[in-house]
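Structure first, then comments.
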Amino acid sequence: MIMNVIERPTWTRTVDFTPGLYLKVRRRTTRLELADVAARIGTIPHVPEQDRVEWLERIEADLVPVSTNTIDQLARVFRLDLQVLAQLAAIARGERDPALTPRICRICACSWRLPCVRGHEACGWVDGQDLCTACDHADAAA
């Protein structure tokens, strides 16, 4: 009999990221307000900017799903790990075990494919935590 072995994370997760929360943290990491993002994305047909802000608020609150076209627009405004977003969406739909949540920094929502870059150096991970080294150093400095 063949058994599938599923590796469980060796780090402690302190934030249960949803697709909306992931987008919100990534947006805030780049120091953008919802109005900044709404001003930079287009809609067809045209939607007034205030309505785009309200729509983005609903996406970040996980009240409405985010479409592929919207993800493409958001990725042009701030950095996203599209694979992490897809995995979080699969968890939200019940198609993926929440224990297999990708490793995401609890502060900046970076991932191993989309690390923080300070100077010319990419961040790493604090052992056993959902915290990147860039945020750990920022926490220590504060």
Side-chain angles (χ1 to χ4, degrees), residues 3-142:
M3 296 185 64
N4 290 333
V5 177
I6 298 175
E7 288 190 37
R8 301 292 179 191
T10 58
W11 47 274
T12 303
R13 186 175 72 219
T14 58
V15 176
D16 287 325
F17 276 96
T18 62
L21 180 59
Y22 173 75
L23 291 170
K24 184 177 192 173
V25 174
R26 290 304 304 156
R27 173 183 58 79
R28 286 182 171 174
T29 297
T30 57
R31 296 187 172 106
L32 291 171
E33 297 295 326
L34 282 170
D36 300 325
V37 176
R40 295 179 188 179
I41 62 173
T43 58
I44 299 174
H46 176 73
V47 174
E49 192 170 315
Q50 181 55 39
D51 292 345
R52 281 182 274 163
V53 169
E54 292 171 3
W55 170 62
L56 291 169
E57 285 175 336
R58 291 192 302 272
I59 288 171
E60 288 184 355
D62 293 299
L63 298 174
V64 297
V66 61
S67 71
T68 304
N69 290 336
T70 302
I71 292 168
D72 289 344
Q73 289 286 322
L74 294 175
R76 290 184 182 124
V77 179
F78 56 91
R79 296 176 63 214
L80 301 173
D81 184 331
L82 298 177
Q83 190 166 1
V84 164
L85 187 57
Q87 291 170 350
L88 292 173
I91 290 168
R93 291 189 305 267
E95 299 169 358
R96 182 180 169 94
D97 183 348
L100 299 177
T101 298
R103 193 169 192 181
I104 305 168
C105 177
R106 67 178 178 251
I107 295 175
C108 70
C110 72
S111 64
W112 69 273
R113 277 185 305 286
L114 185 74
C116 301
V117 178
R118 306 283 191 254
H120 296 289
E121 194 170 318
C123 68
W125 294 102
V126 175
D127 286 338
Q129 296 185 46
D130 58 351
L131 182 66
C132 77
T133 54
C135 289
D136 185 42
H137 292 200
D139 254 5

*Check step by step if side chain to side chain contact (heavy atoms under 4.5 Å, CB included) holds for Ile107 and Val25.*
CA-CA 8 Å; Ile107 295 175; Val25 174; over 6 Å; no
*Looking only at heavy atoms, what is the nearest atom pair of Ala35 and Val53, with distance?*
CA-CG2, 3.8 Å
Listing, residues 40-48 side-chain donor-acceptor contacts under 3.5 Å, not counting sequence neighbours, or none:
{"unit_1": "Thr43", "atom_1": "OG1", "unit_2": "Pro45", "atom_2": "O", "d": "3.1"}
{"unit_1": "Thr43", "atom_1": "OG1", "unit_2": "Val47", "atom_2": "N", "d": "2.9"}

*asked:* Contact between Gln129 and Thr12 at the side-chain level, heavy atoms closer than 4.5 Å - yes or no?
replied: no
*Within a radius of less than 6.0 Å around CH2 of Trp112, do more than 12 heavy atoms belonging to other residues, nucleotides or ligands occur?*
no
*By side-chain hydrogen bond (donor to acceptor under 3.5 Å, both in side chains), which residues pair with Thr14, not counting sequence neighbours?*
Asp130
*Which heavy-atom pair separates Leu80 from Ile71 by the least distance, and what is that distance?*
CD1-O, 4.1 Å
_Tell me if the CZ atom of Arg113 is crowded by more than 12 foreign heavy atoms within 6.0 Å._
yes
*Tell me, with the steps shown, if Asp36 and Val77 meet side chain to side chain contact (heavy atoms under 4.5 Å, CB included).*
CA-CA 9 Å; Asp36 300 325; Val77 179; over 6 Å; no
*Test applied, side-chain contact (heavy atoms from CB on, under 4.5 Å); reference residue, Thr29; option that passes from Arg26, Arg31, Arg27*: Arg26
*Within 6.0 Å of CD in Glu121, more than 12 heavy atoms from elsewhere*: no
*Please name all residues satisfying side-chain hydrogen bond (donor to acceptor under 3.5 Å, both in side chains) with Ser67, sequence neighbours left out, ordered by chain then number.*
Thr70
_Inter-residue atom distance Leu100.CG - Asp97.CG, 0.5 Å rounding_ = 4.5 Å
*asked:* When you compare the side chains of Arg13 and Thr101, does any donor N or O come within less than 3.5 Å of an acceptor on the partner?
replied: yes
_Let's go through Ile59 and Lys24 carefully: what are the C-alpha distance in whole Å and the side-chain angles of both, what is the deciding distance for side chain to side chain contact (heavy atoms under 4.5 Å, CB included) to 0.1 Å, and is it a yes or a no?_
CA-CA 9 Å; Ile59 288 171; Lys24 184 177 192 173; over 6 Å; no
_Return the CZ to CG distance between Arg93 and Leu88, rounded to the nearest 0.5 Å._
10.5 Å
*Rounded to the nearest 0.5 Å, how far apart are OG1 of Thr68 and CD of Gln73?*
12.0 Å
*asked:* Could you report the tightest heavy-atom contact between Cys132 and Val126, atom names first, then the distance?
replied: O-CG2, 4.0 Å
*asked:* Between the side chains of Arg28 and Glu33, is the shortest nitrogen-to-carboxylate-oxygen separation below 4.0 Å, so that they form an ion pair?
replied: no
*asked:* Show the nearest heavy-atom pair for residues Cys110 and Leu114, with the distance to one decimal.
replied: CB-O, 3.3 Å
_Under the criterion side chain to side chain contact (heavy atoms under 4.5 Å, CB included), I'd like the reasoning laid out for Val84 against Tyr22: C-alpha separation, chi angles, the key distance, then a yes or no._
CA-CA 9 Å; Val84 164; Tyr22 173 75; 3.9 Å; yes
*How many angstroms lie between CZ in Arg103 and OG in Ser111, if you round to the nearest 0.5 Å?*
11.5 Å
_Using every non-hydrogen atom in the two residues, find where Asp62 and Gly20 come nearest and quote the distance to one decimal._
OD1-N, 2.8 Å
_Flag, side chain of Thr30 to backbone of Phe78, donor-acceptor distance under 3.5 Å_ = no
_Can you give me the closest heavy-atom contact between Trp125 and Ile104, atom names plus distance?_
CH2-C, 3.8 Å
_Beyond-backbone contact of Leu34 with Arg52, side-chain heavy atoms, under 4.5 angstrom_ = no
